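All values reported here derive from a predicted model rather than from experimental measurement. Convention: sequence-line order gives letters A, B, ...; per-chain numbering from 1.
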Amino acid sequence: ETGVTQSPTHLIKTRGQQVTLRCSSQSGHNTVSWYQQALGQGPQFIFQYYREEENGRGNFPPRFSGLQFPNYSSELNVNALELDDSALYLCASSWGDEQFFGPGTRLTVL
Amino acid sequence: RKEVEQDPGPFNVPEGATVAFNCTYSNSASQSFFWYRQDCRKEPKLLMSVYSSGNEDGRFTAQLNRASQYISLLIRDSKLSDSATYLCVVTYSSNTGKLIFGQGTTLQVKP
């Protein structure tokens, strides 16, 4: 196991609701990246946090936002959920080149 | 055009077969290259990095052709346990940059 944990494992929401997903990075890792993986697709980069600051963002609207805390754990918040937000949300922590993925949160939007 | 393109497959092969996956990337500024493996409903895990000189790890061989912007993965003597989705990944930065994933190629190894 990578030591990266995510919660919850599964979540069901309805359109228009808001959701917060959580990620605890591997010990000593100061960088957390978030990815969205739709069914049958590769993961798509959402954003990255380095030492509590956003350090790069992919092509996602502002209703996707995040935080990183002093202990390097992180949150992904999604407002005004849409059906297309249904996906596996992965976080990955890193110190050097290699990114270690958590098991993901599977979000279903009805 | 997608930044990283892969044939999604599925590739159905018998045990013991040799199978090759190909991947192309569009940005010539890409710096680092990887193959990740993802089992069904699990997270991606790094299989191997890919270097210009080519590299081998047991039954797995990865090749990079920068001029053609092409990456390959060869699996020899396929095992049932090799059944998974193989994701081609590039980055624009060699240090914790964003990972750009291909769609993934599904391999099913049959007895």
Side-chain angles (χ1 to χ4, degrees), chain A residues 1-6 9-10 21 23 25-26 28-51 53-60 66 68 72 74 87-108, chain B residues 1-11 21-27 29-51 55 57 71 73 84-108:
Chain A
E1 299 300 324
T2 64
V4 181
T5 61
Q6 292 186 243
T9 54
H10 295 84
L21 311 181
C23 172
S25 59
Q26 188 169 333
H29 287 185
N30 57 11
T31 303
V32 173
S33 304
W34 286 91
Y35 295 82
Q36 179 197 66
Q37 187 175 22
L39 197 62
Q41 302 297 317
Q44 298 293 309
F45 176 76
I46 303 175
F47 42 56
Q48 182 182 86
Y49 279 84
Y50 170 69
R51 293 188 175 183
E53 298 286 331
E54 189 177 287
N55 182 41
R57 188 179 180 93
N59 189 26
F60 281 81
Q68 187 178 32
Y72 302 136
S74 178
L88 178 68
Y89 288 84
L90 296 158
C91 81
S93 76
S94 55
W95 174 263
D97 285 347
E98 186 174 351
Q99 296 190 23
F100 297 85
F101 285 85
T105 294
R106 190 163 298 279
L107 172 65
T108 302
Chain B
R1 184 185 171 188
K2 292 183 180 178
E3 292 177 278
V4 179
E5 297 208 53
Q6 295 180 252
D7 179 349
F11 284 58
F21 304 138
N22 302 318
C23 165
T24 57
Y25 60 95
S26 61
N27 191 326
S30 300
Q31 289 195 351
S32 299
F33 308 88
F34 309 94
W35 283 100
Y36 275 71
R37 171 190 169 130
Q38 186 172 27
D39 293 301
C40 187
R41 304 183 79 81
K42 299 281 191 181
E43 72 273 21
K45 293 184 179 178
L46 179 65
L47 179 66
M48 58 199 303
S49 301
V50 188
Y51 305 111
N55 47 302
D57 183 2
I71 305 163
L73 176 68
T85 295
Y86 291 83
L87 296 157
C88 177
V89 183
V90 307
T91 73
Y92 299 150
S93 165
S94 61
N95 190 23
T96 65
K98 78 174 190 180
L99 300 179
I100 303 164
F101 287 83
Q103 180 181 0
T105 298
T106 300
L107 172 65
Q108 185 68 45

Between the side chain of A/Y35 and the main-chain N/O of B/L99, is any donor-acceptor distance below 3.5 Å? yes

Under 3.5 Å, is there a donor on one side chain and an acceptor on the other for A/Q37 and B/Q38? yes

With side-chain contact (heavy atoms from CB on, under 4.5 Å) as the test, would you mind laying out the steps for B/R41 and A/R106 before giving the verdict? CA-CA 9 Å; B/R41 304 183 79 81; A/R106 190 163 298 279; 3.3 Å; yes

Nearest 0.5 angstrom please: A/E98 CD to B/K45 NZ, how far? 11.5 Å

Starting at CD of A/Q99, measure out to CZ of B/F34 and round the result to the nearest 0.5 Å. 8.0 Å

State the CD-CG distance between A/Q41 and B/L87, to the nearest 0.5 angstrom. 11.0 Å

If we only count heavy atoms from C-beta on, is the A/R57 to B/K98 side-chain gap below 4.5 Å? no

With a 4.5 Å cut-off on heavy-atom pairs, point out which of B/C88, B/P44, B/S49 contacts chain A the most. B/P44

Taking side chain as C-beta onward, heavy atoms only, is A/F45 less than 4.5 Å from B/F101? no

